[in-house]
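Lettering of chains follows the sequences in order, A, B, ..., and the numbering in each one begins at 1. Here the structure is a predicted model, which means the values were calculated and not measured.
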Amino acid sequence: MAQDADKDVQEMVAQILAVRDRRDEAAFAALFVHFAPRVKGFLMRSGASEALAEDCAQDVMATVWNKAHLFDPSRASVATWIFTIARNRRIDAIRKARRPEPEDLDWGPEPEPDQAEVMALQQDSARLVDALEKLPEKQRRLIERAYYGDLTHSEIAEETGLPLGTIKSRIRLALEKLRHAMS
Amino acid sequence: MKIRHHLSDKLLMAYSAGALPEAFSLVVATHISLCDECRARLASYDAVGGAVLEDTPDVAMSSGSLAATMKLIRERAAADVGPSPRAPEPTALGMTETVLPAPVREYVGGDIDAVRWRPLGGGVRQAILPTAKDARVRLLHIPAGVAVPDHGHRGTELTQVLRGAFRDEHDRFGPGDIEIATEDTHHTPVAEPGEDCICLAATDAPLRFNALLPRIAQPFFRI
């Protein structure tokens, strides 16, 4: 089960890199089949009508194609990266608000990410999906409601009960390497 | 820069979930621009969002949606002529270091020289940045050694130090540090001697006084 999830996340990374490097339409179609209906469901749970969610999901997937060069497999899983695009689309299209983003770290010479580090982060991400599914129902529902935009910032609980420490440490190391390469 | 005061988990999760007012998002984005520790913590909260998306039940796309998306992609490619009009980052051009991090520069329309300051009295100056009205954010310039009068808070106030430092009864806040103050926080921040202090401060408190009252009756942080 966990191994299947590992295989899936690695395969999705390969697909998005094929989109990035070769503009591979078959790989994109596979990602579309997996993610577009989830993004649509995500946006409908965030309060969008079916028609709006359909339009926005297509728009999000077009952005996945257009911005594939920004995907960094040592810092995010494909699901995480697509979540951030879908979230921004929701803020923009549904809440009609603007979202300031941190300064990019993408400029400068791009170091080729270490394969072992990429794999480790992708496996951590797969395990996080697993951990979320295993949370007590009430706790899981609260996290889902937060990410569906159903809670205000004062209603959001501090404690997720999810193992975030390893992902954080790994990304911290990746950032250190990036800083080092940039200086 | 050695950062001692970081974002709370609650703020990071709310920013990741897209639940913060624009003014708070600007302060969080500014802190993350300066702090790799919080950038990594945010990435872990984004990973929670990825897990939630992965677990979200499918809703079938309309037939022909993939073809429609490919059409959208081709239309965008045709409309996209040449490089993006966004100006290159000054730091990327090897120019001198900027005072304001990129997210703040976008709201100011330039670096510190482009800020349109308004006097607040006592040599303190502020510039309110244009955001949605559910919370307000401003730049503050406090001369070295000058105290900010005692002020209570309604709701939450975030104060991100960009240059210089301030102290209050509890602690010191230097460049990169963020202070998270709640309703219960009563303090008298004083800019340290030596260098003027420049901060980015946001609050979700409602206006306490009518804007037509004389300035003397206004709370110090009138925005």
Side-chain angles (χ1 to χ4, degrees), chain A residues 25 29 32 36-42 44-45 50 53-54 57-59 61-62 65-66 75-77 79-84 86-88 90-91 97-104 107 125 128-129 132-133 143-144 146-147 149 151-153 156 158 160 162 164 167-168 171-172 175-176 179, chain B residues 8-11 13-22 24-26 28-33 36-37 39-62 65-66 68-70 72-73 76-77 80 89 91-92 101-103 106-107 131-132 156:
Chain A
E25 291 194 18
F32 189 95
R38 283 179 170 77
V39 170
K40 185 173 176 180
F42 174 84
M44 286 175 71
R45 274 158 196 263
E50 194 188 342
E54 169 82 27
Q58 289 185 19
D59 185 89
M61 294 311 293
W65 175 281
N66 288 329
R75 284 201 269 158
S77 71
T80 296
W81 185 61
I82 294 180
F83 155 72
T84 63
R87 170 200 64 203
N88 292 356
R90 178 185 82 209
I91 293 172
R98 190 174 161 192
R99 177 187 165 89
E101 292 281 346
E103 189 155 0
D104 280 340
W107 53 273
S125 304
L128 195 59
V129 178
L132 179 67
E133 285 166 358
I143 292 172
E144 286 171 355
Y147 281 86
L151 299 179
T152 66
H153 67 105
I156 285 176
E158 189 119 342
T160 61
L162 291 169
L164 301 181
I167 292 191
K168 193 225 86 180
I171 293 169
R172 185 80 178 86
L175 290 176
E176 260 169 48
R179 290 277 183 211
Chain B
S8 63
D9 284 322
K10 194 176 161 111
L11 277 169
M13 185 170 168
Y15 179 71
S16 173
L20 287 181
E22 183 184 353
F24 280 17
S25 288
L26 179 56
V28 170
T30 300
H31 182 85
I32 290 166
S33 300
D36 280 353
E37 176 66 18
R39 193 185 283 267
R41 288 167 67 208
L42 173 68
S44 72
Y45 280 103
D46 284 347
V48 177
V52 169
L53 177 66
E54 195 59 66
D55 261 355
T56 298
D58 287 8
V59 175
M61 295 291 285
S62 65
S65 61
L66 176 58
T69 303
M70 291 314 295
L72 190 62
I73 288 167
R76 281 188 190 171
D80 185 19
E89 289 291 328
T91 44
E106 275 187 34
Y107 278 78
T131 61
T156 302

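- Once rounded to the nearest 0.5 Å, the distance linking CE of A:Met61 with CG of B:Leu72 reads 12.0 Å.
- Nearest heavy-atom pair, B:Ala47 versus A:Thr80, reported as atom, atom and distance to 0.1 Å: CA-OG1, 3.3 Å.
- Across every non-hydrogen atom of A:Pro102 and B:Pro103, the tightest pair is CA-CG, 4.2 Å.
- To the nearest 0.5 Å, atoms OG (B:Ser44) and CG (A:Leu164) are separated by 4.5 Å.
- In this structure, chain B has a heavy atom under 4.5 Å from the side chain of A:Ile91, while its backbone stays farther away.
- Of the atoms belonging to A:Leu151, it is backbone heavy atoms, and not side-chain ones, that fall under 4.5 Å from chain B.
- Looking only at side-chain heavy atoms (C-beta outward), A:Trp65 and B:Met70 come within less than 4.5 Å of each other.
- Comparing B:Leu20, B:Leu66, B:Leu26 by how many heavy-atom pairs each has under 4.5 Å with chain A, the most go to B:Leu66.
- Taking every heavy atom of both residues into account, A:Ile156 and B:Lys10 meet most closely at O-NZ, 3.0 Å.
- Side chains of A:Glu54 and B:Ser65 form a contact here, defined as non-hydrogen atoms less than 4.5 Å apart.
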Requested in this report: Evaluate the side-chain contact (heavy atoms from CB on, under 4.5 Å) criterion for residues B:Met13 and A:His153: first the C-alpha distance (whole Å), next the side-chain angles of each, then the deciding distance (0.1 Å), finally the verdict.
Outcome: CA-CA 9 Å; B:Met13 185 170 168; A:His153 67 105; over 6 Å; no
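- In terms of heavy-atom pairs under 4.5 Å with chain A, the best-connected choice from B:Ala132, B:Pro101, B:Ser62 is B:Ser62.
- Of all heavy-atom pairs spanning A:Arg38 and B:Leu53, the tightest one is CD-O, 3.4 Å.
- The pair A:Lys40-B:Asp58 does not count as a salt bridge, with every side-chain nitrogen at least 4.0 angstrom from each carboxylate oxygen.
- In this structure, the portions of B:Val48 lying under 4.5 Å from any heavy atom of chain A include both its backbone and its side chain.
- Using a 4.5 Å cut-off between heavy atoms, A:Glu176 does not touch chain B at all.
- Distance OG/A:Ser77 to CD/B:Glu54: 7.5 Å, rounded to 0.5 Å.
- Salt bridge A:Asp59/B:Arg76: present, at least one basic N to carboxylate O contact under 4.0 Å.
- Between B:Arg39 and A:Lys168 there is no side-chain heavy-atom pair separated by less than 4.5 Å.
- Highest contact tally toward chain B, considering only A:Glu25, A:Glu50, A:Arg98, is held by A:Arg98 [criterion: heavy-atom pairs under 4.5 Å].
- Heavy atoms only, all atoms of each residue included: A:Ala146 and B:Ala17 are closest at O-CB, 3.3 Å.
- B:Asp9 is linked by a side chain to side chain donor-acceptor pair (under 3.5 Å) to B:Arg41, B:Tyr45, counting only residues two or more places apart in sequence or in another chain.
- Looking at B:Ser16, the atoms closer than 4.5 Å to chain A (heavy atoms on both sides) sit in the backbone and in the side chain alike.
- Here the CG atom belonging to A:Leu175 is positioned 5.0 Å from the CG atom belonging to B:Asp36, to the nearest 0.5 angstrom.
- If you take OG1 on B:Thr56 and CE on A:Met44, they are separated by 12.0 Å, rounding to the nearest 0.5 Å.
- Applying the side chain to side chain donor-acceptor pair (under 3.5 Å) criterion to A:Glu101, with sequence neighbours excluded, gives A:Asn88, A:Arg99.
- Neither the backbone nor the side chain of A:Ser125 comes within contact range of chain B; no heavy atom of the residue lies under 4.5 Å from a heavy atom of that chain.
- Using a 4.5 Å cut-off between heavy atoms, A:Phe42 touches chain B through backbone and side chain atoms alike.
- Listed options B:Ala14, B:Ser8, B:Gly18 were ranked by heavy-atom pairs under 4.5 angstrom with chain A; first place goes to B:Gly18.
- Heavy-atom distances place both the backbone and the side chain of A:Ala36 under 4.5 Å from chain B.
- Residues B:Gly49 and A:Phe83 share a closest heavy-atom pair of C-CG, 3.5 Å.
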